[in-house]
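Single-structure report; data block below.
Note that the structure is predicted; figures quoted are calculated from it, not measured. All chains are named by letter (A, B, ...) in the order of the sequence lines, taking the proteins before the strands, and each is independently numbered beginning at 1.
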Amino acid sequence: MLQLQVIREHKEAIVNALQKRGMDATPLVDEIILLDKKRRSSQSQLDTTLAESNMISKEIGMLFKTGKAQEANTLKNKITTLKEASKKLTETLNSTEEALQSLLYQIPNIPHASVPKGNTEEDNEEVFREGTIPKLHDKALPHWELAKKYDIIDFELGVKITGAGFPVYKGKGARLQRALIAYFLDKNTEAGYTEIQVPHLVNEASAYGTGQLPDKEGQMYHMPVDDLYLIPTAEVPVTNIFRDTIVNETEFPITYTAYTPCFRREAGSYGAHVRGLNRLHQFDKVEIVRVEHPNKSYEALDGMVDHIKNILRELKLPYRILRLCGGDLGFTAALTFDFELFSTAQDRWLEISSASNFETYQANRLKLRFKDESGKRQLAHTLNGSSLALPRVLAGILENCQTEAGIVIPDVLVPYTGFSIID
RNA sequence: AGAGAGGUGGCCGAGUGGUCGAAGGCGCACGCUUGGAAAGCGUGUAUACAUCAAAAGUGUAUCGAGGGUUCGAAUCCCUUCCUCUCUGCCA
């Protein structure tokens, strides 16, 4: 959520910047400014009214003490009018604030200056590419065929137990998955991230805190009995650790990594693009989260990008990095780099990581602040990235590392898997 | 799940209808003292919103959350969440 004060003071700049997202924010912003004016004047009026009745109440107290009950009773009548007035003002204030809040929720984050204009994925800007795309043998298969051939992932079994998009990993498939999780967590820990384990269900306040609600209502699994949501990413529970907190400036940088399953309803299409592991309702992901000083957040984002690069380098997988364009940028992000893995057998790029700086957008909702040197409170910057999302990395390994003899496990993973080939 | 107790500032803890944003202590910050440190002494030490160009100041709200009673609520009533103890159930 953008800060009201910023909207008030930089209206033009905000409207201009949001055009990059293909959005004309003028009407929204205008209404917000109007409501904000109304809110402030109601606040002032209410405050004066309450101040007056507080004063009279004190007077009444004094009068009763000194035995002047009659005079006190006269004042009581006076206060009735004030009470009615303040009740009305409270109502206006509340409804104004509510309306204002819901409008504020509708404004996405302001794209960073470096974000390219554009509406679709085509307009994303490739900023880096590395790794060699392997030449596969003639009988190379897509991962869903490989999964069947080697009996390492069973999609039909998942359908039986739960439904489409809930695969069952078996044997070396399950072991490879576990190996990847352990490997990613180890790499992240080495890079200074503190490993934590968090709940996989969150309450409504947390879902609002990181911006899944109200923007992505319907994309999360909701348990109405307890009013809890299954997490779509570890970002939600991890970032919400800092909801309603004031951290000390000296604590920066705050860095966490967490492995969790992720649950997404993903009401969407069927077909080749979502086949196999390409899109799932439940998948595993290792996430990194940072809370940073505003001066350091872009440096930190670069650091995250380098860190993820290193992992992919070690795995010897071909990948590229995209700077997302305005139209493709997530609602809450100011700048996002997507990592895409090239899947030779599918002949397409698969998104495997997304590293974003949210600047103060999340922090404002979360009320995550820090005390700066002069003791003033400021909003912190939050960042997160996948390091990494499992299914498509798995798909990439299966497809890119397949040989006629079997699937050759990348060297760095062998200590984790305990085997070097799936055959 | 049943019975009981309780939720007060960074922490501990007082407060059962008026002058309480809240005693006292600890912690923390600054100053004095000291060769330096400790002790000691002094001062300060919540958040949000409004007002103001800004700071200061002032006002309002906040004692888990929401609602109610009252001229007035940390204090009384209702709802709800959470914690603890005992019993039950259970990986």
Side-chain angles (χ1 to χ4, degrees), chain A residues 1-11 32-104 197-209 213 223-229 237 240-252 254 261 360 363-380:
Chain A
M1 185 166 69
L2 296 181
Q3 290 165 270
L4 256 176
Q5 207 192 337
V6 177
I7 295 177
R8 226 183 280 154
E9 287 166 12
H10 307 283
K11 181 189 151 183
I32 284 172
I33 290 175
L34 212 76
L35 278 173
D36 179 47
K37 252 183 210 156
K38 191 176 168 192
R39 175 192 129 255
R40 285 186 304 171
S41 81
S42 307
Q43 179 73 255
S44 293
Q45 283 178 59
L46 178 62
D47 285 357
T48 348
T49 314
L50 287 176
E52 205 175 321
S53 57
N54 281 347
M55 239 172 57
I56 295 176
S57 286
K58 270 177 199 165
E59 245 175 90
I60 291 175
M62 298 283 251
L63 289 172
F64 272 125
K65 235 173 221 173
T66 49
K68 297 174 183 165
Q70 253 191 343
E71 285 176 48
N73 282 323
T74 338
L75 284 176
K76 273 194 197 180
N77 293 333
K78 208 170 158 188
I79 227 163
T80 325
T81 338
L82 286 171
K83 265 186 91 174
E84 273 166 29
S86 69
K87 202 172 176 182
K88 266 187 196 156
L89 283 165
T90 309
E91 276 166 23
T92 343
L93 184 65
N94 287 345
S95 64
T96 311
E97 270 175 356
E98 228 172 88
L100 189 58
Q101 193 72 356
S102 77
L103 288 183
L104 282 171
Q197 295 191 3
V198 289
H200 299 167
L201 280 83
V202 293
N203 56 31
E204 198 181 39
S206 293
Y208 268 100
L213 287 180
M223 333 258 333
V225 183
D226 300 295
D227 201 14
L228 296 172
Y229 295 85
N240 270 283
I241 290 173
F242 300 100
R243 175 152 48 84
D244 292 317
T245 53
I246 300 176
V247 300
N248 209 307
E249 190 171 5
T250 54
E251 290 172 53
F252 290 136
I254 297 168
T360 59
N364 192 31
R365 278 201 196 184
L366 289 163
K367 298 202 184 85
L368 162 53
R369 290 150 297 165
F370 71 95
K371 268 192 185 164
D372 66 19
E373 277 173 344
S374 62
K376 257 184 93 174
R377 282 157 302 282
Q378 287 189 47
L379 290 171

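- A gap of 32 Å separates the P atoms of U79(B) and A23(B), to the nearest Å.
- Side chain of S206(A) to backbone of V202(A): no donor-acceptor contact under 3.5 angstrom is found.
- Separation of the C1' atoms belonging to G40(B) and A53(B) is 46 Å when rounded to the nearest angstrom.
- With both ends at atom C1', the span from G17(B) to U69(B) equals 12 Å, rounded to whole Å.
- Protein chain A contacts RNA chain B from G18(B) to G72(B), reading 5' to 3' and using non-hydrogen atoms of the protein with a distance under 4.0 Å.
- Listed for the R365(A) side chain is a donor-acceptor partner under 3.5 Å among the backbone atoms of Y208(A).
- Nucleotides U60(B) and A22(B) have their P atoms positioned 13 Å apart, rounded to a whole Å.
- Side chains of L368(A) and T360(A) form no contact here, defined as non-hydrogen atoms less than 4.5 Å apart.
- With T74(A) contributing its side chain and Q70(A) its backbone, the two residues share a donor-acceptor pair below 3.5 Å.
- K376(A) comes within contact range of no nucleotide atom at all, as no heavy-atom separation falls under 4.0 Å.
- E97(A) places no side-chain N or O within donor-acceptor distance of the main-chain N or O of N94(A), the cut-off being under 3.5 Å.
- Nucleotides G4(B) and C90(B) have their P atoms positioned 24 Å apart, rounded to a whole Å.
- In terms of position along RNA chain B, the nucleotide closest to R40(A) lies nearer the 5' end than the nucleotide closest to the other residue of the pair T48(A) and R40(A).
- Atom name C1', nucleotides G36(B) and A54(B): the rounded distance is 43 Å, in whole Å.
- A gap of 46 Å separates the C1' atoms of C28(B) and C89(B), to the nearest Å.
- Note on N77(A): nothing from the nucleic acid sits closer than 4.0 angstrom, heavy atoms only.
- Heavy atoms only, all atoms of each residue included: F242(A) and V247(A) are closest at CD2-CG1, 4.3 Å.
- If you find the closest nucleotide of RNA chain B to R377(A) and to D36(A), the one lying nearer the 5' end belongs to R377(A).
- No side-chain donor-acceptor contact under 3.5 Å links D244(A) to the backbone of K367(A).
- If you take atom C1' in G15(B) and the same atom in G68(B), they sit 23 Å apart, rounded to whole Å.
- Among the protein residues, L75(A) comes within range of no part of the nucleic acid, since none of its heavy atoms lies under 4.0 Å from any strand.
- Annotation for L366(A) and N240(A): closest pair CD2-OD1, 3.4 Å, computed over non-hydrogen atoms.
- Residue contacts shown for I56(A) are absent, as no nucleic acid heavy atom lies under 4.0 Å away.
- Paired runs in RNA chain B that reach 3 or more consecutive Watson-Crick or G-U pairs, where each pair keeps both distances under 3.5 Å, cover B:1-7 with B:81-87, B:10-12 with B:24-26, B:27-32 with B:40-45, B:46-51 with B:57-62, B:64-68 with B:76-80.
- Residues I79(A) and S53(A) approach most closely at CD1-O, 3.6 Å, considering heavy atoms.
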